[in-house]
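This report concerns only the one structure given below.
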Amino acid sequence: HGRSLIVCNTDNDPQREVSYLETLCERNVSGIVLIPSTHSAPSWEVFEAIRKKGISVVACSRQVPGYNFPGAFQNFFQSGFCATQHLLDMGCRCIAYLATSQYCTIEDKLQGYLAALDQHNAQHPDDRVCGGMGLSKITGDIADLFEQFLREHPEIDGLFVFNDRLGMVLYQVLWKMGLTPGKDVRIVSGENSGFCDAFGVPLSSVDVPVYRMGRIAAEQLLAVREGALEEEQHHIVLGAELHARASSLSQN
């Protein structure tokens, strides 16, 4: 489209995010596609400055808390539901959800996980640490905490882990404990990155359509800059798709 592009990597740091937004505002860019940091929203002042300069903002992946920007978003609830549904279909009856902290994305997947359990009348403990988050606050080494959690709950036969990076950590812990993914415990992750097939036991994962999501967000921004009203650009939510592999399918 003949546009110049500036790419800023916030590394999920809220302070870096605000700093980049201030810099982009000072440079009078035409528009911004923003993947907001997970733990806090940018300050009201920076968005007010962006608004006054007529800079358009489109959100991507998740919405900015307190704002109603158009954008393309993941259906995190469906991801949690789809992963847990699959584990239930494969015969699992004691399923845990492992994550590293609490923020909107993790909470949405948690609600999907709990909804699938409720729909199937599956029993889950009232204690969120066991039946919900798995781990709600990481204060030490993730691998050590995963191992401690699994040793405290040997009855677990299914695991839904927040993303593939944590899935890799989980695999290392299971091998150390003498457990085989897909045999001793079934596993589904939430990301479907390119290395899922490279695991010793290929990792089942729920697809995140990142390329399509970014393209749609960019198309929305271009439409706004070409005269479309922001309120005419919808919240486009992309559905989740499970890619089942040996980590949840294997029987031997």
Side-chain angles (χ1 to χ4, degrees), residues 38 76 79-103 105-114 116-117 120 122-208 240-252:
T38 53
F76 294 108
S79 295
F81 186 93
C82 183
T84 309
Q85 170 79 54
H86 174 66
L87 291 170
L88 288 163
D89 289 344
M90 296 307 300
C92 297
R93 287 300 176 266
C94 189
I95 303 169
Y97 171 36
L98 298 181
T100 56
S101 59
Q102 288 182 273
Y103 56 86
T105 301
I106 284 178
E107 287 288 341
D108 287 347
K109 287 188 178 183
L110 169 63
Q111 294 307 314
Y113 155 86
L114 293 174
L117 293 180
H120 288 263
Q123 297 298 312
H124 56 84
D126 293 332
D127 181 2
R128 285 167 61 96
V129 174
C130 179
M133 299 303 291
L135 294 167
S136 60
K137 293 182 180 179
I138 293 297
T139 56
D141 181 78
I142 295 175
D144 289 345
L145 292 170
F146 276 14
E147 181 177 355
Q148 178 184 346
F149 177 79
L150 292 172
R151 292 193 185 281
E152 291 175 352
H153 302 283
E155 71 278 9
I156 289 173
D157 58 4
L159 287 166
F160 170 41
V161 61
F162 177 69
N163 60 25
D164 297 343
R165 179 181 61 84
L166 293 181
M168 183 180 296
V169 175
L170 177 60
Y171 266 48
Q172 294 170 349
V173 170
L174 291 173
W175 295 125
K176 177 182 176 182
M177 295 174 64
L179 301 174
T180 302
K183 178 181 178 181
D184 298 302
V185 60
R186 299 183 190 274
I187 302 169
V188 178
S189 179
E191 190 175 6
N192 198 45
S193 59
F195 57 81
C196 285
D197 284 315
F199 280 61
V201 176
L203 177 63
S204 297
S205 195
V206 180
D207 192 21
V208 177
E241 180 182 358
L242 174 71
H243 294 258
R245 302 182 178 91
S247 70
S248 63
L249 297 174
S250 178
Q251 298 291 329
N252 301 314

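On a predicted model such as this, the values are computed, not experimentally measured, just so you know. We count residues from 1, following the sequence as given.
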Could you grab the distance from atom [atom1] of [X] to atom [atom2] of [Y], nearest 0.5 Å is fine?
X      : Y      : atom1 : atom2 : result
His243 : Cys196 : NE2   : SG    : 9.0 Å
Met90  : Ser204 : CE    : OG    : 8.5 Å
Leu203 : Ser193 : CG    : OG    : 7.5 Å
Leu166 : Glu191 : CG    : CD    : 9.0 Å
Asp184 : Ile156 : CG    : CD1   : 13.5 Å
Cys92  : His120 : SG    : NE2   : 12.0 Å

query: Can you find a side-chain donor-acceptor pair between Asp144 and Gln148 that sits under 3.5 Å?
result: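 There is no such pair between these side chains.
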Looking only at heavy atoms, what is the nearest atom pair of [X] and [Y], with distance?
X      : Y      : result
Ile95  : Tyr113 : O-OH, 2.6 Å
Leu88  : Ala116 : CD1-O, 3.6 Å
Phe160 : Gly190 : CE1-N, 4.2 Å

Could you pull out all donor-acceptor pairs under 3.5 Å where a side-chain atom in residues 169-178 meets a protein atom, sequence neighbours excluded?
from, atom 1, to, atom 2, distance (Å)
Tyr171, OH, Val201, O, 2.6
Lys176, NZ, Glu147, OE1, 3.0

query: Under the side-chain contact (heavy atoms from CB on, under 4.5 Å) criterion, do Arg245 and Phe199 qualify, and how do the steps go?
result: CA-CA 10 Å; Arg245 302 182 178 91; Phe199 280 61; over 6 Å; no
message: For Tyr97, does the six-membered ring have the charged nitrogen or CZ of Lys109 within the cation-pi criterion, i.e. under 6.0 angstrom from the centroid and within 45° of the normal?
response: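 Output no; distance or angle outside limits.
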message: For a 4.5 angstrom cut-off between non-hydrogen side-chain atoms, does Leu150 reach Leu179?
response: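 Of all side-chain heavy-atom pairs linking Leu179 with Leu150, none is under 4.5 Å.
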Does [X] use its side chain to pair, donor to acceptor, with the backbone of [Y] at less than 3.5 Å?
X      : Y      : result
Asp164 : Asn192 : yes
Ser189 : Asn163 : yes
Asp157 : Arg93  : yes

- request: Go through the steps to decide whether Leu145 and Phe149 satisfy the test side-chain contact (heavy atoms from CB on, under 4.5 Å), and finish with yes or no.
  value: CA-CA 6 Å; Leu145 292 170; Phe149 177 79; over 6 Å; no
message: Go through it in stages, so that I can follow the logic: the residues are Leu242 and Val206, the test is side-chain contact (heavy atoms from CB on, under 4.5 Å), and I'd like the CA-CA distance, side-chain angles, deciding distance and then a yes or no.
response: CA-CA 4 Å; Leu242 174 71; Val206 180; 4.0 Å; yes
